[in-house]
Amino acid sequence: MARTLKRGAAFVALGRALTAGARGGPSLGARIGALPRMIAATARGRYDGGLRLAMMTAATAYIVSPVDAVPELFLTVFGLIDDAVMVTWLAGAVLAETERFLEWEARTSTVVPGHVVP
């Protein structure tokens with residue numbers, strides 16, 4: 001379960017999520033609703049999404065930051081392209097990670113914590 005979230009996987013997840021309603025995948029509302037539970041499970045150490053959450057947080061900070069790697073003021077369209085790619089990657093990453101979390105949550109909800117008494 002220690003897969004890293006690659007750029008291509010994020011874009012594929014974005015495409016799948018946009019068409020998920022037709023295929024019966026998790027709805028966008030279910031994925032967004034899973035975000036707080038995913039963050040809490042990661043903070044408690046139950047879910048292994050720490051690095052992926054850190055990458056998504058860094059991408060969010062880059063998007064909302066007034067400091068930009070490719071400034072729009074001087075490079076107009078080219079300056080907007082890096083932001084558009086980052087927003088698209090972030091959307092795909094969030095969708096892919098929430099889908100992965102929902103699958104993990106479904107698997108772990110069937111296991112009753114505790115131990116067997118002989």
Side-chain angles (χ1 to χ4, degrees):
M1 234 198 305
R3 299 181 309 182
T4 58
L5 189 58
K6 303 228 187 266
R7 186 176 347 162
F11 291 126
V12 168
L14 178 60
R16 280 191 304 173
L18 294 175
T19 60
R23 294 192 223 168
S27 69
L28 187 59
R31 292 170 193 249
I32 292 172
L35 275 173
R37 295 191 315 270
M38 180 176 68
I39 293 168
T42 302
R44 290 186 194 117
R46 294 179 50 226
Y47 181 65
D48 68 343
L51 179 60
R52 289 177 293 278
L53 280 176
M55 290 172 51
M56 289 185 273
T57 302
T60 303
Y62 177 81
I63 292 167
V64 300
S65 171
V67 177
D68 203 353
V70 183
E72 287 84 8
L73 182 63
F74 303 113
L75 300 174
T76 61
V77 173
F78 296 109
L80 294 174
I81 291 173
D82 70 321
D83 293 334
V85 168
M86 189 63 71
V87 167
T88 305
W89 178 85
L90 180 61
V94 168
L95 293 171
E97 191 59 27
T98 53
E99 182 173 354
R100 183 174 171 268
F101 174 76
L102 288 169
E103 290 170 0
W104 172 83
E105 196 174 45
R107 281 193 314 270
T108 58
S109 68
T110 59
V111 177
V112 177
H115 45 273
V116 178
V117 179

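Here, residue 1 is the first one in the sequence, and each next residue gets the next number.
The nearest pair of heavy atoms linking Pro26 to Arg31 is O-NE, 3.2 Å. Minimum heavy-atom separation, Trp89 to Ala59: CZ3-CB, 3.7 Å.
Residue Glu97 holds its CD atom at 3.5 Å from OH of Tyr47, rounded to the nearest 0.5 Å. In this structure, CH2 in Trp104 is found 14.0 Å from OG1 in Thr98, a value given to the nearest 0.5 Å.
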Practice problem: Evaluate side chain to side chain contact (heavy atoms under 4.5 Å, CB included) for Leu51 paired with Met55, printing each intermediate quantity in order. | Solution: CA-CA 6 Å; Leu51 179 60; Met55 290 172 51; 4.3 Å; yes

Exercise. Start with the C-alpha gap between Met38 and Leu53, add the side-chain angles, then the distance that decides, and say whether side chain to side chain contact (heavy atoms under 4.5 Å, CB included) holds.
Key: CA-CA 9 Å; Met38 180 176 68; Leu53 280 176; 3.7 Å; yes

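Among residues two or more places apart in sequence or in another chain, the side chain to side chain donor-acceptor pair (under 3.5 Å) test is passed with Arg46 by none. Not counting sequence neighbours, the partners of Ile32 by the side-chain contact (heavy atoms from CB on, under 4.5 Å) test are Leu28.
Sequence neighbours left out, the pairs with a member in residues 33-42 that pass salt bridge (Lys or Arg N to Asp or Glu O under 4.0 Å) are Arg37-Glu105.
Cluster annotation: Leu102 and Ile39 are assigned to distinct hydrophobic clusters (Ile/Leu/Val/Met/Phe/Trp/Tyr, side-chain heavy-atom contacts under 4.5 Å, transitive). By the rule that hydrophobic residues join a cluster once side-chain heavy atoms approach within less than 4.5 Å of another member, Leu90 and Leu35 end up as members of one cluster.
Using a cutoff of 4.0 Å between basic side-chain nitrogens and carboxylate oxygens, Arg100 and Glu103 are not scored as salt-bridged.
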